[in-house]
Amino acid sequence: GAPRVEAKSASLWIHGREVDEEELLLSVALLEELQLKPGDFLEIDFAETPEAPRSNSPARDKSPPSSPSHGETETSSGDQTLVLRVPEAHRPPSKSALQISVQRPVAEAFHLCNRQPVLLRQVRAEDVALDWVELVFKEQYMSRGDIWHFRRHLLERAPALYVGKVCEEEGARAQVQAMVRRGAPVESGVVNADTVLSFRSRCASFVLLIEVRLRLRLRL
């Protein structure tokens, strides 16, 4: 196969939706250096940078999730990376000096900041494929058919997910709550045909009332 491309250091920038709707913008020079093409996946590693300490990681602010197939898992000790997909209709950033930029919701989810040093590398989808993803929705009803269409569109349009990402498809809206890869919770990855998607509603609830009656008989 093709030789593995070494990681490339770069300075990260952040853009808003008003600048571009895409989550990821890359310079042409960086695309060529990393041998990336539209549809490929890019891994952004910020684990060793002082601006993004490990304790600020979104997946570590909550207790580890559980997977139907893996049960309770322990928090991953070394994974602090973000996987994004190079847009199919990729447009280079307007600023010539800018190498890489991520959309503000992505940066906020991972506590990233402008001019933060990062390491970039191309990754294969199968190497970062997710085993299980939990998505939650509220204030809406999703039938089995709605979930089937949502899953199909997710695989086609937004296979790269991260904890906290809000996915919208044909009026349906769900947020990524947790994910597991190789038995451990991670913060980002790629969904494929083998990924188990667990949909949960925050609106569904029930109240269970238990009445206990005690009868005391006194004998004199």
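Just so it is clear, the structure is predicted and the values come from calculations on it, not from any experiment. Note that the numbering runs from 1 along the sequence shown for the chain.
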Are C167 and L161 close enough, and set up right, to give a side-chain contact (heavy atoms from CB on, under 4.5 Å), and what steps lead you there? CA-CA 9 Å; C167 305; L161 299 180; 3.8 Å; yes
So do the side chains of F137 and R173 get within less than 4.5 Å of each other, counting heavy atoms only? no
Under the side-chain contact (heavy atoms from CB on, under 4.5 Å) rule, what do V102 and L12 come out as? Steps first, then yes or no, please. CA-CA 8 Å; V102 297; L12 183 74; 3.9 Å; yes
For the residue pair S198 and W132, what are the closest heavy atoms and their distance? CB-NE1, 3.5 Å
Restricting to non-hydrogen atoms, name the atom on P87 and the atom on P38 that form the minimum distance, rounded to 0.1 Å. O-CB, 3.3 Å
Measuring from atom OG of S27 to atom CG of L98, what distance do you get when rounded to the nearest 0.5 angstrom? 7.5 Å
Gap separating the OG atom of S101 from the CG atom of L26, nearest 0.5 angstrom: 9.0 Å
For side-chain contact (heavy atoms from CB on, under 4.5 Å), just list the numbers for V83 and L42, CA-CA rounded to whole Å, side-chain angles, deciding distance to a tenth of an Å, and then say yes or no. CA-CA 6 Å; V83 178; L42 175 71; over 6 Å; no
Verdict with supporting geometry, D20 and Q103, side-chain hydrogen bond (donor to acceptor under 3.5 Å, both in side chains): CA-CA 8 Å; D20 202 290; Q103 203 176 69; over 6 Å; no
Please verify the inter-ring angle class for F110 with F46; under 30° counts as parallel, over 60° as perpendicular, anything in between as tilted. perpendicular
Could you grab the distance from atom CD of E43 to atom CZ of R124, nearest 0.5 Å is fine? 12.5 Å
L120 side chain reached by I100 side chain, heavy atoms, under 4.5 Å: yes
Under 4.5 Å between side-chain heavy atoms, hopping through other hydrophobics if needed: is there a path connecting F150 to V136? no
Has Q116 got a side-chain atom pairing as donor or acceptor with C113's backbone, closer than 3.5 angstrom? yes
For I14, is there any backbone N or O sitting under 3.5 Å from a side-chain donor or acceptor partner on N114? yes
Whether the side chain of H15 engages the backbone of L24 through a donor-acceptor N/O pair (distance < 3.5 Å, no angle test) should be reported. no
If we only count heavy atoms from C-beta on, is the V180 to V186 side-chain gap below 4.5 Å? no
Can you tell me how far apart CG (L130) and CZ (R182) are? Round to the nearest 0.5 Å. 10.0 Å
Output yes when a side-chain donor or acceptor of Q175 lies under 3.5 Å from a complementary backbone atom of V166, and no otherwise. no
Donor-acceptor contact present, side-chain K37 to main-chain E88, <3.5 Å: no
side-chain contact (heavy atoms from CB on, under 4.5 Å) assessment of E134 paired with M179: CA-CA 6 Å; E134 180 185 36; M179 55 182 65; over 6 Å; no
Nearest 0.5 angstrom please: L36 CG to K8 NZ, how far? 12.5 Å
Answer with yes or no whether the hydrophobic clustering places F41 together with L119; edges join I, L, V, M, F, W, Y residues whose side-chain heavy atoms lie under 4.5 Å apart. no
Looking only at heavy atoms, what is the nearest atom pair of Y162 and V176, with distance? O-CB, 3.4 Å
Measure from the side-chain N and O atoms of S188 to the backbone N and O of T81, and report whether any donor-acceptor pair falls under 3.5 Å. no
In Å and rounded to the nearest 0.5 Å, what is the CG to OG distance from D45 to S9? 12.0 Å
Residue among R17, R104, K165, R85 satisfying salt bridge (charged side-chain N to carboxylate O under 4.0 Å, His left out) with E23: K165
Side chains of L154 and L197: does their closest heavy-atom pair fall under 4.5 Å? yes
Going by the side-chain hydrogen bond (donor to acceptor under 3.5 Å, both in side chains) test, name the single residue among R157, R151, H149 that passes it with E169. R157
